[in-house]
Amino acid sequence: MGKLRSVIAGVGGYLPERIMTNAEIATMVDTSDEWIQERTGIRQRHIAAPGERTSDLAVKAAERALAAAGMRGADLDLIVLATATPDNTFPATATQVQAALGMHQGAAFDVQAVCAGFIYALSVADNMIKGGQARSALVIGAETFSRILDWTDRGTCVLFGDGAGAIVLKAEEGGGNGHDRGILSTHLHSDGRYYDMLYVDGGPSTTGTVGHLRMAGREVFRHAVVDLAAVVAEALSANSCSPDDIDWVVPHQANKRIIEGMSRKLTLPADRIVVTIDRHANTSAASVPLALAEAVADGRIAPGMLVLLEAMGGGFTWGAALVRM
Ligand code: ACO
């Protein structure tokens, strides 16, 4: 058997129906549409309906990705789901998705790296495919951050939204040079010293409650620009690529100014960066696959293109992936 690599066979995204505008948030906390747009680029976000769970969003995104790949749940042998807002403390939300998709074989589990979760999940699935442990994998980022926000804290509640994105990976043999389709490389980092910059003040082994998101916004901002630029440079260097070789960058959608700062540092042109923050806000682990799904659906990202994915989140955790679509 030749060398194995993971090829993206389909992508899909799902956003809950309800849209919450900045104007609506301004009726709840002391803020304004102008402030939110100017400081973050966000105009609106989607909010899950009461009773709508992370797994419900994930299943809808997964069904779309599977349809794009011409596959069914029964064809899969792996689900890796990234979330920081699981349905329950256990079992893994991935197993709920597995059951809903009619997949009774293989393995399904969650990965937790907050906003960097999708890059982590992609790396895990890619390595399992390369190692021969799976032939086809569903990689999902799904979140209901609206459930862990403190809706009285204007410094955080304006920034996030709910959603899900998914991709299907299939094992292919051969290749190995940068012109073949597939995941070329993934790069993961974390540094737990920054725990209290961005965390949830609850959990089963601390307070026994779900808790709320807490963040030192300015510090997170500063680290995000530096760390993301470094991991993107690492991904480019590992593949002997320059920014000019990249067709599209699909960044984590945390703040328009973080995306601009990172792209300035790397001299990436703004017209090759997929931006959804204005409509989706920060959907944490869902943001990269949602943005990818949008750009694939509208034809901006096409087979053969070189695409760079990057994200950063609480921990801190951060990472990047270079993919030939
Ligand atoms: N509306 C109006 N005023 C606000 C709001 C708001 N929603 N939020 C904060 N302010 C006020 C503050 O109270 C402060 O007022 P003060 O000067 O009277 O004390 C003032 O605005 C400036 O506050 P800063 O926090 O310094 O504002 P900054 O320009 O840093 O923007 C923001 C804040 C948007 C949170 C920014 O720091 C940021 O985006 N940080 C990154 C955080 C992030 O993206 N986290 C997501 C998770 S991590 C990740 O995904 C990478």
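Start at 1 and go down the list; that is how both ligands and their atoms are numbered. Side chains included, hydrogens not; waters and symmetry mates left out as well; all remaining heavy atoms used. Everything quoted here is computed from the prediction, not taken from an experiment.
At least one protein heavy atom sits closer than 4.0 Å to atom 3 (N) of ligand 1. For atom 20 (C) of ligand 1, no protein non-hydrogen atom is found at a distance below 4.0 Å. In this structure, atom 25 (O) of ligand 1 has no protein heavy-atom contact shorter than 4.0 Å. For atom 49 (C) of ligand 1, the nearest protein heavy atom is under 4.0 Å away. Protein heavy atoms are found less than 4.0 angstrom from atom 10 (N) of ligand 1.
The aromatic rings of His189 and Trp318 sit parallel to each other, their planes meeting at less than 30°, with 60° as the upper class boundary.
Annotation: atom 44 (O) of ligand 1 to nearest protein heavy atom, Ala254 CB, 3.5 Å. When only non-hydrogen protein atoms are considered, atom 23 (O) of ligand 1 lies nearest to Arg218 NH2, 4.2 Å. In terms of protein heavy atoms, atom 31 (O) of ligand 1 is closest to Arg257 NH2, 3.7 Å. Residue, atom and distance of the protein heavy atom nearest to atom 51 (C) of ligand 1 are Met312 O, 3.4 Å. Ranking the protein heavy atoms by distance from atom 1 (N) of ligand 1 puts Thr31 OG1, 2.6 Å first. Among protein heavy atoms, the minimum distance from atom 41 (C) of ligand 1 is reached at Gly217 O, 3.6 Å. Ranking protein heavy atoms by distance to atom 38 (C) of ligand 1, first place goes to Asn255 ND2, 3.5 Å. Distance from atom 8 (N) of ligand 1 to its nearest protein heavy atom, with residue and atom name: Trp35 CH2, 3.3 Å.
Closest heavy-atom approach to atom 13 (O) of ligand 1 within the set Gln253, Arg154, Met215, His252: this belongs to Arg154. Summarising the contacts of atom 46 (C) of ligand 1 with Val225, Asn282, Thr40, Asp33, the nearest heavy atom is found in Asn282.
When every heavy atom of Gly10 is checked against every heavy atom of Ala68, the shortest pair comes out as CA-CB, 3.9 Å. A pairwise comparison of heavy atoms in Pro16 and His46 identifies O-ND1, 2.6 Å as the closest pair. Scanning all heavy atoms of the two residues, the minimum distance from Thr276 to Gln253 falls at N-OE1, 2.9 Å. In terms of heavy atoms, Ala311 sits closest to Ile119 at CB-CG1, 3.8 Å. Here the shortest heavy-atom pairing between Thr83 and Gln112 reads O-CG, 3.3 Å.
Heavy-atom contacts of Arg39 reach the following atoms of ligand 1: 28 (P), 29 (O) (cutoff under 4.0 Å).
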How far apart are the C-alpha atoms of Glu143 and Thr85, what are their side-chain angles, what is the distance that settles it, and do they pass the side-chain hydrogen bond (donor to acceptor under 3.5 Å, both in side chains) test?
CA-CA 6 Å; Glu143 303 276 18; Thr85 46; 2.6 Å; yes

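Side-chain contact check for Thr93 and Ser55: no donor-acceptor pair (N or O, by modelled atom type) lies under 3.5 Å.
The side chain of Val158, and not its backbone, has at least one atom closer than 4.0 Å to an atom of ligand 1 (non-hydrogen atoms only; side chain from C-beta on). When heavy-atom distances to ligand 1 are checked against a 4.0 Å cut-off, Leu198 comes that close only through its side chain, counted from C-beta outward.
Checking Ile167, Leu78, Ile79 one by one against Val139, the side-chain contact (heavy atoms from CB on, under 4.5 Å) holds for a single residue, Ile167.
By the criterion of side-chain heavy atoms lying less than 4.5 angstrom apart, applied directly or through intervening Ile, Leu, Val, Met, Phe, Trp or Tyr residues, Val111 is not grouped with Val97; the two fall into different hydrophobic clusters. Leu268 and Met305 are members of different hydrophobic clusters when ILVMFWY side chains are connected at heavy-atom separations under 4.5 Å. Linking Ile, Leu, Val, Met, Phe, Trp and Tyr whenever their side-chain heavy atoms come within less than 4.5 Å leaves Leu101 and Leu57 in two separate clusters.
Of the polar atoms of Cys115, none of the N or O atoms is found under 3.5 Å from an N or O of ligand 1, judged by distance alone.
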